[in-house]
Each structure stands twice: as structure tokens, then as C-alpha cells.
Amino acid sequence: MNFKSFNFHPKVAAGVEAAAYKTPTPIQVQAIPPILENRDVMGLAQTGTGKTAAFVLPILNRLIEKRSAGVRALIMAPTRELAEQIHQAIESLGRKTHLRSATVYGGVSINPQIQKLKRADIVVACPGRLLDHIGRRTIDLSRLEVLVVDEADMMFDMGFFPDIRRILKHLPAKRQTLLFSATMPAEIHRLAEDILRNPTTVQVGVTAPADTVRHALYPVAQHLKTALLLKLLRETTFESVLVFTRTKHRAKSLGRKLEAAGYRSASLQGNLSQGRRQAAMDGFRDGTYQILVATDIAARGIDVTQVSHVINYDIPSTPDAYIHRIGRTGRATRSGEAFTLVTGEDRDMVRAINKTIGAPIERRTLPDFDYDVAPAPKQKNGAPRPGGRQTQKGKPAPAQNKRARKGAFAWPGAGGRKSAGRRGMQPA
Ligand code: AMP
């Protein structure tokens, strides 16, 4: 199949050609025809599948075939950075159409947005600032024809659903609606039922990991994960590392522990303000941070081509999520490594991932790591001390040690930073 079969307007086809897209991706094959037929679509796809072009191209086609003034398409995205990515895709794919796209998000001055909104055909917006414009009457949505809610599960995770429902009240009821989400929890299902009319559902999974990535599993007890991670960081040559945790709380606390251990690290989770999120992402991209700790959802949309290592501090909950996470390393010609810390409880998931990949992932142990350290005793409130502490085998850390009391950790041979191996990643 090629793009000709969609019969795009010559000016849209020219955009496809300029972008050098030769073959439509599976989500494009499935989603473009129903969108062109003016159907509502529920798209289950992650970033990296080509889903932006899957909705941008038919929208451009619709708007150019029958030109008229006003904001005719609204695309809602959870973060400024995703909004910018979509805007860039519109600018690049629509360069010959002369349709105008404007972005609307917080954290920047509102006046330039107001000016651009006056002439925009397509608006790419984060919900908070869009509501602001609606309240100020600086956006007219009465001529809207297409609404796209992108990354709906991330929107939900970031608490945007009440805002989205408020925005919906200001949109014409007669419109085409497209909803994209990587996962389909009950909340997304409810939103889909409320806003989509007789939708076509399209779905793509991620099936094969980038073959430039080398994988390894590091079996370890739950309470020794942080210590093992630190040892791993010291013994491997890293450029920049993306570490995944299962929960927001763990991302935050692990980010802090890495910082306490001397690494330039930041954490990214759904609760961060737009400004702090941006600062963490920018810092990771420009090398200010060597390590970024994130949950799956918070890391969505990161296109960090220089990531040398992905470390799954917690194993992901599905094989697809595994492949998606490690797809962030080894992009283009670079080769990357993906390490996954696994506990006894992860056996079934490891089996499922091996099956998806088609080969068992190599298991590794670190030679001088003490795997026999007992968990730290519980604190009075019943919570175990985070990270445990490795001193002598099985013995808890002495109570008078300040670092231990604060929940910091040490590991055999760690000594001081000066003694770290030459190859290892040096704390900042
Ligand atoms: P997305 O999933 O929308 O973030 O797209 C991921 C990347 O794939 C972007 O860099 C797109 O420019 C690129 N892309 C989208 N569609 C195609 C295609 N049909 N052929 C080649 N690259 C594509």
C-alpha cells in the first residue's frame, strides 16, 4: 500500500512527499480512510506509530478541499511539548496548503497566542490555557468541524478530564471527533461513549523491538533494587539514562535517591507542573541531567535520540509497554542497552516478554554485588526503610549512621565517589 490510495488533495500529497513518507504505517492504513469518510474514530495507538500523521493528513485534506475561515479543527494534547510536536507535523505536512496552525498552552505569554488565533485554521491546545482563551473570548470555536483528543490516557492521568468536559460544552455538537489513547482504561471508555458517535475503532500494537538494542535482565530482591541500580550505573558507560518506575511516587523518590548519590538526575511524573516538566525534559535533552526517572505515561512523547540506556527499575506491565520503553534507546544508527531489574514476582511477565521478542533475554548478575543482604527492619510506622542498606551480610545499618537514617544506601566497594571505576558513570 502507498499514500496514493488515499487520494489526497495534491497539496496534501506534496506534504507527504516532502516528508519522504513512502509507506503508510499500520495506524495510518487503518485510521485515514474512516477519518476521510467523516467517521468518528477511536484510535488505540502509542506515540511512535505514526498516529499524528494519521489524523493530521485527513484533517488537512478536509480543510483544503473546502476552504472557509475560522478555527475548523481543534487538537487537544496533554503537554506543551506534545502540542508543539503536533503543530510541527501540521506545519511540515501542510506546508503547501497554507493552512495555519496555532498552539495554545500555558507557561508562555498569552498575547501572541491571541494574535495567532485570529488567523488560525487549526488549533493545537493544552486544556488549561484553552479554557483561559474561551473565558476571555479570544477564541471562536463556533465553526469547529473536527475535534481530536490525543493521548487521552495521559490527559486523564494529568487530571485534565474536568477541563476537557468543560471545553466540550463550547464546541458545536455537530462535528467529527477523533480520540487517541495508548491504553483503554474505564475512564477513557466512558469518555469515548460520551463524545464519539458510532465510532470506528482502530488499534495497533508495537510488535518488535529495535534490533539495535541489547537487552539484559538483572534478577534482584525488591529491597536491593536501588543498590543494584547504583552499582550498575557505576559499572557501565552511560551517556544518558532513562529509568522507568511503576508509579509516580517511586519515580519521585528514586530521582531523589539518585540525586543524593551524586547523579545529575530529575524525575518526571504526571503531577508535575508544565514548567517543571519542561525543565526536566530540557535538562535531560541538553545533558544537564544524566538520568531521567519517569513513569510510562509521563515519559510519553519523549523523543530523546541520545538515550544510551533504558533501565526498567520496575518491569512494565505488558510486553508492548516493554517494547515501547526500550524503543527509546537504540534509535537510528546508535545502539543502546536496555536493563530490566526483575524480582521473583516478575516471572510471568518475563515469560510473556520473551515470547513477544521471540528469544529469552539474557540474565546477568553483578559479580561483586551482595545479593544476600536482608531487608532493612521495618520502621515504627511499619514502612520498610527505602532501599535497605548494605553493610555486612544480613546486618541492619547502625542506627547512628545519618545516611542510613535518611534512607540512603551504600554497597560493597562503593567507598567514596573517587573510587568509582573509570568506565562507570560518574556522579556529577
Ligand atoms: P508519531 O507516532 O506521530 O509521533 O510519529 C513518529 C514518527 O514517525 C515521526 O517522526 C513521524 O514523522 C514519522 N512518520 C509518521 N508516518 C510515517 C510514515 N508513513 N513513514 C515514515 N515515517 C513516518
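Order of appearance sets the numbers: ligands from 1, and atoms from 1 within every ligand.
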Nearest neighbour of atom 12 (O) of ligand 1 from the list F3, F180, Y21, on a heavy-atom basis: Y21
N or O pair under 3.5 Å between T23 and ligand 1: yes
Tell me whether T49 has any N or O atom under 3.5 angstrom from an N or O of ligand 1. yes
So with a 6.0 Å cut-off around CZ of R39, is the heavy-atom count from everything else above 12? yes
Do D194 and R190 meet the salt-bridge criterion of a basic N to acidic O distance under 4.0 Å? no
Looking at E81 and R277, is there a salt bridge between them, counting it only when a charged N and a carboxylate O are closer than 4.0 Å? yes
Judged by modelled atom types alone, do T226 and Y313 share a side-chain donor-acceptor pair under 3.5 Å? yes
Proximal atoms of ligand 1 relative to T52 (non-hydrogen, under 4.0 Å): 1 (P), 3 (O), 4 (O)
Considering only heavy atoms, does Q85 approach ligand 1 within less than 4.0 Å through its side chain, its backbone, both, or neither? neither
Check: V146 and L74 side chains under 4.5 Å, non-hydrogen atoms: no
